[in-house]
Amino acid sequence: MSLLEIKDLHVQVDNNEILKGIDLTVNAGEVHSIMGPNGSGKSTLAQVLARRESYTITKGEILFNGKDLLTMKPEEAACEGLFLAFQYPVEIPGISNAYFLRAAVNAVKKYRGEDELDAMDFLPLLKEKMRLLEMDERFLNRPVNEGFSGGEKKRNEIVQMAILEPKLAVLDETDSGLDIDALKVVAKGVNTMRSKDRAIVLVTHYQRLLDYIVPDFVHVLVNGRIVKSGGPELALELEDKGYSWTEPETVGAKR
Amino acid sequence: MTTVNQIQDLTDKEYKWGFITSVDEDRLPKGLDEDVVRLISAKKNEPEFMLEWRLKAFRYWVTQEKEQAEPKWANVKFPAIDYQNMVYYSAPKKKPSLTSLDEVDPEILKTYEKLGIPLLEQQRLAGVAVDAVFDSVSVATTFKEKLSELGIIFCSFSEAVQNHPDLVKKYLGSVVPYTDNFFAALNAAVFSDGSFVYVPKGVRSPMELSTYFRINAAETGQFERTLIVAEEGAYVSYLEGCTAPIRDENQLHAAVVELVALDNATIKYSTVQNWYPGDKDGKGGIYNFVTKRGKCLGKNSKISWTQVETGSAITWKYPSCILQGDNSVGEFYSVALTNNYQQADTGTKMIHIGKNTKSTIVAKGISAGHGQNTYRGMVKILKGAAGARNYTQCDSLLIGDKCGAHTFPYIEVKNASARMEHEASTSKIGEDQIFYLQQRGIAREEAVAMIINGFCKTVFRELPMEFAVEAQKLLGISLEGSVG
């Protein structure tokens, strides 16, 4: 059984069709990259997977771990092991990072019928993950994402991923706004998370991230459709030629 | 869009303190005239000065009532109150003994137990001394002996009038005179009990002092009066909590609180107000028209108000500080929540008189359902208040699209050396924030509670520990169902 199966997925926002029939299968242990120009529907796909409700699914289905993802609430999908690293992580004033993360971990544990962690057990675990992402311990007590720089927010997303240990992690433009050093740190964090039990989907505009996280598969998303799939070499080709060469069949079609 | 629809479910909210205790009441007939005032005073066996003061207050109130001089500037709406259609004194019949809890009607003790107020000796563990006011009279004050060893007086107002008339005479009305406003005048005329605290020179109260107010009887107004005096160098932290049964008619609660802090004294006053807010259609609920004011009389004195207001159909209250002593400090930390058809017009006044006086105002308003939430504040820097400083922060959070948040900050500065800061924000609870938390596995309701607790954090951390926990829970309950 595949970890994620997307079949003929059509998605609308305000009566505009954004995704026009996506088919994608992701198995545990694989890293997929979804690349595409701005407005191609990449982020929509990521948000739909995380069960954001502002999208209308007009057709198709998604199976996550064999279960119907489209009937799950966002928190259920999360507890089933689906993680989204946000392109724009939001700020939660007044709630410390440590408190928030423990609440999240315990929500997931509770869902799975496991024992919840108290602060004594949780903190060392969190500190370890923060070291991995080279984040200072003062971030423990700072309100979630408040006053964080762009790079700090992105690293904080990966800390969350590391602590939640999802089955499927979807990283939405995690590389945007990162300088090269921060990118390396984030990539290191993601690479340590690679395992045979876990799949990772990297949504990105640029090939740059893929120098550090080498995917098994690359898919090119243009105008709501996957127009090309291949190995890591496809990303390099894209870098070289741009996206236009992948979309001959859509030339002239107005988005 | 989904939030808006789900917000209609706000109505699921339940008020779990709404039960009625059946006790025999000694109550006066409805209506108010001079005889009622005399009768209340007589029932309490009051000295002459009290009766005179009450009568003066009553006569003043009558003139005010004739002129229909109820405060009309507040941003709240309610039908005219018929002051003759209300009971002004109701007391549990079994006469509470002042020496032993054993003689308190067991029904009342059960009520307090239900409310989670530890009246009996186990409260020693909680480290909270409690005075409990049931309808019009104070039924039990605990820990009295332990406190009195330190010279701290903590008793019902009636007892204070009997046992410490000089202190009462000296300070009663010294901060809130009966001419202050319509409801203060009414309270002065008919108030039947309340709490009295006196902390002598140099004494730090070793425990939190607490009063629990409970309205039980129907058609009864509650008019309690609290007076706290902290002598030179004294410190006291005082908490009050309030609940009432569910009744269809509105009930009036018009309390007065006066605080006096002498040189280097500190008074910390915390309130968790959870009077019955009315039902989902706005029927019933308490009219909470309260005058609270503290006077920093001495130099380096400090008065700090913290309030969490989740109850009442209408809240009209402005815990204030008169900063008379040089270097004195006034603080006001507030969370006010309005849901369904609740209305709140609340805030503070900081009157800077002394030199280098400092005030801080942090007000957080949360509106949900059809709730209307108004912050009204005044910062006044008088001529002599050289070097005065004020910091004001007002934040409003809206849940749904049928509620309202309003801010009316008044600033009056007569000394050019004053420094004023004012920050204000209004935000809607963000779908982005909720979704972010949900994506991490946190259920929608908990996500909302978490965002709101974060919003209120700067106020909650001013509350004593146990109270902070209670306040957080209360916010959660008050918003139950509000976001699906």
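In what follows, chains carry the letters A, B, and so on, assigned in the order in which the sequence lines appear, proteins first and then strands, with residues in each chain numbered from 1.
With chain B as the partner, the residue from Pro143(A), Ala78(A), Ala103(A), Ser96(A) showing the most heavy-atom pairs under 4.5 Å is Ala78(A). Between chain A and the options Gly430(B), Gly454(B), Ala447(B), the largest number of non-hydrogen pairs under 4.5 Å is found for Gly454(B).
For a heavy-atom cut-off of 4.5 Å, chain A lies close to Phe435(B), Tyr436(B), Leu437(B), Gln438(B), Gln439(B), Arg440(B), Gly441(B), Ile442(B), Ala443(B) in residues 435-443 of chain B.
Within 6.0 Å of CG in Asp118(A) there are more than 12 heavy atoms belonging to other residues, nucleotides or ligands. Remark: Lys358(B) NZ is loosely packed, at most 12 non-hydrogen atoms of other residues, nucleotides or ligands lying under 6.0 Å away. Summarising the local packing, OH of Tyr99(A) is surrounded by 12 or fewer heavy atoms from other residues, nucleotides or ligands at distances under 6.0 Å. Other residues, nucleotides and ligands contribute over 12 non-hydrogen atoms within 6.0 Å of the CG atom of Asp136(A). Atom CG of Asp68(A) is surrounded by more than 12 heavy atoms from other residues, nucleotides or ligands within 6.0 Å.
In this structure, CD1 in Ile92(A) is found 12.5 Å from CG in Asn453(B), a value given to the nearest 0.5 Å.
At least one side-chain heavy atom of Pro93(A) sits less than 4.5 Å from a side-chain heavy atom of Gln433(B).
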Report task. Dump the intermediate steps for side chain to side chain contact (heavy atoms under 4.5 Å, CB included) on Lys73(A) and Arg444(B), then the final yes or no. Result -> CA-CA 9 Å; Lys73(A) 293 179 189 165; Arg444(B) 192 173 172 90; over 6 Å; no
Report task. Show your working on side chain to side chain contact (heavy atoms under 4.5 Å, CB included) between Arg52(A) and Asp432(B) and close with a plain yes or no. Result -> CA-CA 9 Å; Arg52(A) 180 94 201 212; Asp432(B) 285 349; 2.9 Å; yes
